[in-house]
Protein chains: 4
Amino acid sequence: MRDGTATKNKINRVAMELFAEKGVTETTTKDIAAGAEIAEGTIYRHYKSKDELVKKLFLSLYEEQGNYLRDIAATEKNIKQKIADMIARFCQLFAEDKALFTFLLLTQHGQLREVPDDMVTPVVVLRDLITRGQNAGAVKQGDPDLMAAMVLGVVVQPAVFHVYGRLTQDYKSFTQDLTEAAWGVLGLN
Amino acid sequence: MRDGTATKNKINRVAMELFAEKGVTETTTKDIAAGAEIAEGTIYRHYKSKDELVKKLFLSLYEEQGNYLRDIAATEKNIKQKIADMIARFCQLFAEDKALFTFLLLTQHGQLREVPDDMVTPVVVLRDLITRGQNAGAVKQGDPDLMAAMVLGVVVQPAVFHVYGRLTQDYKSFTQDLTEAAWGVLGLN
Amino acid sequence: MRDGTATKNKINRVAMELFAEKGVTETTTKDIAAGAEIAEGTIYRHYKSKDELVKKLFLSLYEEQGNYLRDIAATEKNIKQKIADMIARFCQLFAEDKALFTFLLLTQHGQLREVPDDMVTPVVVLRDLITRGQNAGAVKQGDPDLMAAMVLGVVVQPAVFHVYGRLTQDYKSFTQDLTEAAWGVLGLN
Amino acid sequence: MRDGTATKNKINRVAMELFAEKGVTETTTKDIAAGAEIAEGTIYRHYKSKDELVKKLFLSLYEEQGNYLRDIAATEKNIKQKIADMIARFCQLFAEDKALFTFLLLTQHGQLREVPDDMVTPVVVLRDLITRGQNAGAVKQGDPDLMAAMVLGVVVQPAVFHVYGRLTQDYKSFTQDLTEAAWGVLGLN
DNA sequence: AATGAATGAGACTTCATTCAT
DNA sequence: CATGAATGAAGTCTCATTCAT
């Protein structure tokens, strides 16, 4: 291949999966190279260091999730429906790409502090949506950051249980229950 | 202290704090020894390996939390009150010892698989309480594991936000809100 | 330039300057390529290896200096004047192209052993001039290699000081002093 | 051994010899460890990095030479004799420990800039001695830094020739010639 | 029980060199 | 002649663990 895009994509994918599987520190550059079927040195044509790989991977994927949610928040629907759509989208994503979620889950500690203030993150989108819902009188009063945290917890913690085998059903089957719980937390019933 | 109990306690405390601060892999045995003001080799008088230290520390602290919750679950109160007590207890703990929570938070991945089947963990206690509540007709129907996960998420995720500075108030001030949200998830209003 | 002469010259010049600035091992082929505004692979159209580049560069420049001195030695002037001319020439060169001198200075160790026996080097020219001066009775007796070394030291060491900032005046202003010192060493007063 | 002094000394000696023989970059930590008959990691109990090893080694040995010369400069003798003593001392040192000289010679480039301003170096001692000699009317006028450089060149450049095999006699046999040349440069005859 | 110098496996990274385009 | 992505050997350094004291 003339440009290295395919190689870089392969590195990204393999790295994400290995990080999700074993954790970042436990995954060696050798592992990544083997998984991507390239030489170890090749990683360094695309990233200055393993650290940079982790950070860029995390930030780009984290922001990508933020963008998805932002698009949902930007629709014409009412807030109740937007919350439902967001949760449906999360369940869909998790069912399709568990490694992506697990990677974000494992990597957040230590990477969250690297998030630029102006980045569109899932958390920020959710918090802003809640704030606007409160202003419109649809969502009950309360610290919007706290409410965002609780909603996030309702949706994410079952996914963690799923990752660790405590929940085994197809995650999409939880969509309805999660949505109703989130509505309850926000007083949207 | 002719026996090494004091030394071991110091190791445990220092290790937990360093693990919470920087993560397990990023904390070296040298760091721990320095923090505990002992020689590196001394750690190996008390633990066979760093891995064993991490595992024993995690399991004992995790079980300790389970025991607290079990004691609450064993009281004569009604389930609604028990949930409230558990959350109050968690908020208290988190406010008093953030490092302990952070340690458990960071370490769960990779340690959760080591938990013996018969151990009394917070998750098991909570799940069993929910099941009994459902049998008694107090808690609404639904997968008890899923419900336990959602309740846990409601309580724990705000703590994560607190650790990363997105929430800054004294955690105990959230007790009421968290409790009501948990009740809502369980249909206990 | 259908042939690569211009490219090769650019490589030579850039390489010399970088070698002088940071040392040979500390200069990467990537640095050279970047400085010469070519691709890394292009270097290998002109040189078999980095080693060959260093060696050829050193030898050609070193010999070039030898040739200059040989031309001076071949004139009709008396030895005293020839020494003066050589030193003047060195001061001129150093003032004009400090990088060239620094490159030769840094590279000599490790390259000096590669010099072919029959090459016209500054050292050989100087030594031969001294020998002839001794035969003609103009230069005082003594090991000609030792005397060549001392004369060289008198002229070169101040240049080293200049490179490292211990001497800061225009080097040409030292010409007279260096010449007289050299004469003194050779007993030419 | 209870303390690591012997090990550190061994590292220092072996490193100096290898650096002198092949150059710093060409000497690997593996080489040093093998030469000192220790594990590679052991080097890092005594030095934070290879760089630090090189720098500390250079600075301590360089300063040591400065101290020797300072002691000579501090005697009651006249300046002519002091110069003679210094040169004799240098010839003695070089004859006894060629590796030390070669190490200092090879390493000066890149280390000279690290020398603290207040360090007693051979160059500073020599320059100060010359300045005092000029004030006393014993040494002829002229930039003392330039004169120090020339004297240094007279003494050191033959040593370089010796290292590269152009001079082969016992270096101590040059003592008289070098001394007279240095005197000549300083106008001390 | 405690020490701390030493170990050695292995991680990350660099860089001269190759080769398909 | 020129490119630049890829290689892989080799280097520096870290760190959990051991063992003589």
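Letters go in sequence order (proteins before strands), and every chain restarts at 1.
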Checklist entry - Does C:V120 have any side-chain contact (heavy atoms from CB on, under 4.5 Å) partners at least two apart in sequence or in another chain, and if so, which? => result C:N67, C:R70, C:V125
Checklist entry - Between C:H46 and F:dA2, does any side-chain N or O lie under 4.0 Å from OP1 or OP2? => result yes
Item to check | B:K22, NZ atom: more than 12 neighbouring heavy atoms under 6.0 Å | outcome: yes
Item to check | A:G41 vs D:K48, nearer the 5' end of DNA chain F by closest nucleotide | outcome: A:G41
Next on the checklist: When you measure from the side-chain N and O atoms of C:Y44 to the phosphate of E:dT17, is any distance below 4.0 Å, counting only OP1 and OP2?
Outcome noted: yes
Next on the checklist: With rounding to the nearest 0.5 angstrom, report the CG to OG1 distance, B:L112 to B:T107.
Outcome noted: 10.5 Å
Checklist entry - Side chain of D:K50, backbone of D:T27: donor and acceptor closer than 3.5 Å? => result yes
Checklist outcome for this item: In DNA chain E, stems of three or more consecutive pairs, Watson-Crick or G-U, each with both distances under 3.5 Å, turn out to be E:2-21 with F:2-21
Next on the checklist: On the nucleotide F:dG4, are OP1 or OP2 found under 4.0 Å from the side-chain N or O atoms that C:T42 carries?
Outcome noted: no
Checklist entry - Is the shortest side-chain N/O distance from A:T7 to OP1 or OP2 of F:dA6 below 4.0 Å? => result yes
Checklist entry - Using a heavy-atom distance cut-off of less than 4.0 Å, which residues of residues 10-40 of chain B contact DNA chain E? => result B:I38, B:A39
Checklist entry - Rounded to the nearest Å, what distance is computed from the OH atom of residue A:Y47 to the P atom of nucleotide E:dT13? => result 14 Å
Next on the checklist: Using whole Å, what does the distance between atom C1' of nucleotide F:dT12 and atom CD of D:E52 come to?
Outcome noted: 14 Å
Next on the checklist: Does either side chain, that of A:T25 or that of B:E26, offer a donor lying less than 3.5 Å from an acceptor on the other one?
Outcome noted: yes
Checklist entry - Taking atom P of E:dG4 as reference, at what distance in whole Å does atom NZ of D:K8 sit? => result 17 Å
Checklist outcome for this item: The reported gap from NZ in B:K55 to NZ in B:K48 (rounded to nearest 0.5 angstrom) is 9.5 Å
Checklist outcome for this item: Among E:dA5, E:dT18, E:dA2, the one nearest any side-chain atom of D:R45 is E:dA5
Next on the checklist: Does this structure show an ion pair linking A:K56 with A:D51, if we count only N-O contacts that are shorter than 4.0 Å?
Outcome noted: no
Checklist entry - Whole Å only: how far is the CD1 atom of B:I43 from the P atom of E:dG4? => result 13 Å
Next on the checklist: Looking at every heavy atom in both D:L57 and D:A15, which two are closest together, and how far apart are they?
Outcome noted: CD2-CB, 4.0 Å
Checklist entry - Between the side chain of A:E114 and the main-chain N/O of A:Q111, is any donor-acceptor distance below 3.5 Å? => result no
Checklist entry - Over how many whole Å does the gap from A:K50 atom NZ to E:dG10 atom C1' extend? => result 12 Å
